[in-house]
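Letters A, B, ... are given to chains in the order of the sequence lines, protein chains preceding strands, and every chain is numbered from 1.
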2 protein chains.
Amino acid sequence: MASEKPIVVVTCTAPVNIAVVKYWGKRDEELILPINSSLSVTLHQDQLKTTTTAAISRDFTEDRIWLNGQEEDVGQPRLQACLREIRRLARKRRSNGHEDPLPLSLSYKVHVASENNFPTAAGLASSAAGYACLAYALAQVYGVDSDLSEVARRGSGSACRSLYGGFVEWQMGERPDGKDSIAHQVAPESHWPELRVLILVVSAERKPMGSTAGMQTSVETSALLKFRAEALVPARMAEMTRCIRERDFQAFGQLTMKDSNQFHATCLDTFPPISYLSDTSRRIIQLVHRFNAHHGRTKVAYTFDAGPNAVVFTLDDTVAEFVAAVRHSFPPESNGEKFLKGLPVEPILLSDELKAALGMDPVPGSIRYIIATQVGPGPQVLDDPGAHLLGPDGLPKPAA
Amino acid sequence: MASEKPIVVVTCTAPVNIAVVKYWGKRDEELILPINSSLSVTLHQDQLKTTTTAAISRDFTEDRIWLNGQEEDVGQPRLQACLREIRRLARKRRSNGHEDPLPLSLSYKVHVASENNFPTAAGLASSAAGYACLAYALAQVYGVDSDLSEVARRGSGSACRSLYGGFVEWQMGERPDGKDSIAHQVAPESHWPELRVLILVVSAERKPMGSTAGMQTSVETSALLKFRAEALVPARMAEMTRCIRERDFQAFGQLTMKDSNQFHATCLDTFPPISYLSDTSRRIIQLVHRFNAHHGRTKVAYTFDAGPNAVVFTLDDTVAEFVAAVRHSFPPESNGEKFLKGLPVEPILLSDELKAALGMDPVPGSIRYIIATQVGPGPQVLDDPGAHLLGPDGLPKPAA
């Protein structure tokens with residue numbers, strides 16, 4: 001039996017994912033089981049990631065968690081569900097007679113510190129990355145190697161899709177106990193190397209309604225949502241999988257836009273109605289359709305989650321022209337903030353024909369900045385002890 | 001046989017109607033047959049009406065039409081369909097052996113002049129009133145007393161609902177020839193005397209997509225629309241009829257809002273998506289929900305057609321408070337234009353509790369003005385020859 005260390009510390013990173021067939025609505029609020037399957041694209045951690053350090057020690061007196069440097073309430077139900085589930089899996093592993101490399105008592109408390117490399121105010125769904133990272137880090141600590149979908153899901157439904165890189169499906173499952181409601185990879189991150197993702201971060205207006213409450217109201221009040229989930233999504237999942245496997249960008253793009261619009265349609269069919277799309281969102285939609293019409297085919301495709309930010313998919317040969325089109329229609333405020341972040345994009349001039357085709361009155365400042373990224377890998381363990389967010393005392397390291 | 005007059009002139013007025021169960025989508029583009037039934041409220045002609053003069057003479061060399069003083073293209077297919085249909089009915093009447101009070105030859109040409117007492121730029125659907133008025137006026141001229149639904153419908157689908165006052169249903173019908181696709185009155189204008197209608201005319205932004213093209217694209221691309229029409233509207237029609245007959249404002253209001261939202265949801269589910277609701281529309285929606293939440297029940301209800309203007313239903317005991325709430329949240333620009341038109345509304349002060357409940361940042365000028373009106377009667381014949389818009393020569397009278 002290996003000697004017990006006073007503290008075990010593991011640091012992982014996990015990605016953000018963007019659904020192209022949307023999840024909206026639960027059939028079980030406690031187990032976080034969805035009313036339909038969903039499919040997402042994992043974004044590259046060079047641009048967007050959560051880093052989580054999990055530390056376990058017999059010297060800790062209580063579970064504690066710090067998010068972006070601030071201590072948060074560890075009693076929060078989703079967090080507790082996540083911790084309970086990973087401990088259950090660890091207990092099960094031991095009772096199955098596995099040799100335990102880290103024979104920590106499951107009664108020991110855990111300290112967790114988590115940080116994003118992207119601003120929370122950007123409104124980019126960070127709970128998926130955060131809970132995936134937590135699940136993954138705790139699994140490392142406890143030596144759990146079984147499927148982590150349930151651990152991540154209990155924190156935040158779509159977090160299970162952040163457990164893999166590339167293209168990921170969250171199968172809704174049929175069992176009431178949710179054991180078959182799991183994520184799995186549809187295609188790896190290397191599958192479609194030309195694919196690019198542009199996140200258009202829109203200036204924050206009002207804080208949109210949170211998705212937990214929003215989707216609950218939608219399930220309760222929208223007949224269109226029920227029909228979507230039962231009659232439309234299954235075929236869309238099959239078609240989206242085909243589009244990805246065959247790298248059919250035109251079909252992928254059109255279905256992505258249609259599914260985003262249909263999700264927002266069910267929000268409007270909710271009572272009271274939910275509007276996540278702002279005037280800026282609608283202008284971005286218009287820009288994309290005009291850009292595509294000018295080129296005579298689907299070259300860029302938008303999708304919107306429960307907020308005004310646009311995620312635009314395109315291929316690498318179109319990035320420069322589309323970014324130029326965005327700059328032209330949504331000129332950046334000259335406030336010193338970098339307008340283009342992430343992967344480098346070549347500045348090019350727009351043709352006069354395209355400018356005429358876009359025909360939109362410029363709206364300065366309504367897009368704060370763009371993050372250019374691509375498809376990326378799943379969670380990673382960091383081997384460098386310098387990466388730990390917690391010190392040997394289990395407390396957050398002072399800010400650098 | 002009565003002597004033939006050189007010219008026969010008839011002037012009628014017809015109302016605007018606002019659907020509370022929406023029509024959106026045709027199953028037959030030529031006969032203008034809808035994919036679902038619809039139900040509307042006829043507005044009072046004191047505030048909104050079309051006046052149409054129809055003149056027939058053997059001296060006219062061609063059909064001609066003037067709208068709001070401007071001569072328009074009489075070859076326009078909808079207009080031609082309307083004229084053909086009324087002439088067909090007139091022919092049928094004669095062949096049935098009816099004594100003809102006005103034995104005009106059906107080969108004589110017709111001159112039509114039409115005016116609205118509300119501005120076209122207000123974006124209030126005037127084609128319903130216009131075609132209903134045309135159908136009604138021509139029916140007077142030709143002595144046609146059969147159902148005019150088809151004549152009006154061939155001009156503009158919802159025009160058949162403007163053939164009656166009060167509350168009107170347009171039954172979709174089942175026959176391919178559309179003979180059973182007719183409007184009929186559900187309840188007369190005197191049925192619900194406390195009901196009031198406030199039209200919030202929003203500042204014009206972009207010209208919205210026309211409804212003919214819009215609904216065609218929706219039928220072609222939206223699975224949610226198909227489901228709505230087949231599975232949801234029939235029950236809504238029955239429920240809305242009940243609400244009206246029982247004067248159940250709470251249920252009437254909630255269903256009205258839900259149907260407006262569902263219609264707009266199907267527009268968003270269209271590809272490319274159609275957005276008729278502007279940011280101002282959404283703020284009005286928010287205002288209504290907060291106003292109702294403050295009072296603990298549904299006291300006002302919005303509905304939006306294919307444009308940003310809001311039509312708000314309420315009872316007479318709530319008009320003053322709601323108008324004050326609108327003024328507070330959407331302060332009028334002080335440009336000399338009257339903010340409140342139509343029925344008089346008592347100015348009152350808002351309570352501090354209501355102001356706090358509304359909690360919205362004022363947006364000056366985004367509502368241009370309000371028209372306060374009520375439920376009204378169907379088309380009328382004007383007996384006063386001074387009301388004719390065409391002179392004895394069949395040409396528009398000079399502007400007064």
Side-chain angles (χ1 to χ4, degrees), chain A residues 205-206 208-209 218 221-233 235-236 253-293 298 301-302 304 308 359-361 366, chain B residues 205-206 208-209 218 221-233 235-236 253-293 298 301-302 304 308 359-361 366:
Chain A
E205 290 160 16
R206 304 161 279 144
M209 171 182 270
S218 289
T221 62
S222 170
L224 295 186
L225 177 60
K226 186 173 195 297
F227 177 71
R228 161 181 164 74
E230 293 172 0
L232 302 178
V233 171
R236 289 186 167 201
Q254 285 179 34
L255 185 53
T256 292
M257 291 189 277
K258 286 178 180 179
D259 209 71
S260 176
N261 294 337
Q262 192 170 86
F263 152 56
H264 289 281
T266 64
C267 289
L268 192 44
D269 187 52
T270 297
F271 197 73
I274 304 170
S275 291
Y276 288 119
L277 301 178
S278 63
D279 261 359
T280 300
S281 314
R282 274 195 308 282
R283 278 190 214 105
I284 292 169
I285 288 173
Q286 193 177 52
L287 180 78
V288 167
H289 282 287
R290 289 180 182 183
F291 186 93
N292 287 335
T298 301
Y302 53 78
F304 295 83
M360 296 167 62
D361 299 327
S366 51
Chain B
E205 292 161 14
R206 307 161 279 145
M209 172 184 268
S218 289
T221 62
S222 170
L224 296 187
L225 177 61
K226 187 173 194 295
F227 176 70
R228 161 181 165 75
E230 292 173 0
L232 303 178
V233 171
R236 289 185 168 203
Q254 284 179 34
L255 185 52
T256 291
M257 291 188 276
K258 287 178 180 179
D259 209 72
S260 177
N261 293 337
Q262 192 171 87
F263 152 56
H264 288 282
T266 64
C267 288
L268 191 42
D269 186 54
T270 297
F271 196 74
I274 303 170
S275 291
Y276 287 119
L277 301 178
S278 63
D279 262 359
T280 300
S281 313
R282 273 196 308 283
R283 277 190 214 104
I284 291 169
I285 287 172
Q286 192 176 53
L287 180 78
V288 167
H289 283 287
R290 289 181 182 184
F291 186 94
N292 288 335
T298 302
Y302 52 78
F304 296 83
M360 295 167 63
D361 299 326
S366 51

Trace of the side-chain contact (heavy atoms from CB on, under 4.5 Å) decision for A:H289 with B:F271: CA-CA 10 Å; A:H289 282 287; B:F271 196 74; 3.6 Å; yes

Rounded distance (nearest 0.5 Å) linking atom OG of B:S275 with atom CG of A:L277: 7.0 Å

For B:S222, all residues meeting side-chain hydrogen bond (donor to acceptor under 3.5 Å, both in side chains), sequence neighbours excluded: B:D269

Part of A:I285 lying under 4.5 Å from any heavy atom of chain B: side chain

Residue pair A:L268 / B:L268: nearest heavy atoms and the distance that separates them: CD2-CD2, 4.5 Å

Heavy-atom pair of closest approach, residues B:L224 and A:A265: CD1-CB, 4.1 Å

Distance in Å, B:T270 OG1 paired with A:K258 NZ, rounded so as to fall on 0.5 Å steps: 10.5 Å

Geometric class of the B:F227/A:F227 ring pair [parallel <30°, tilted 30-60°, perpendicular >60°]: parallel

Interface moiety of A:H264 toward chain B, non-hydrogen atoms closer than 4.5 Å: both

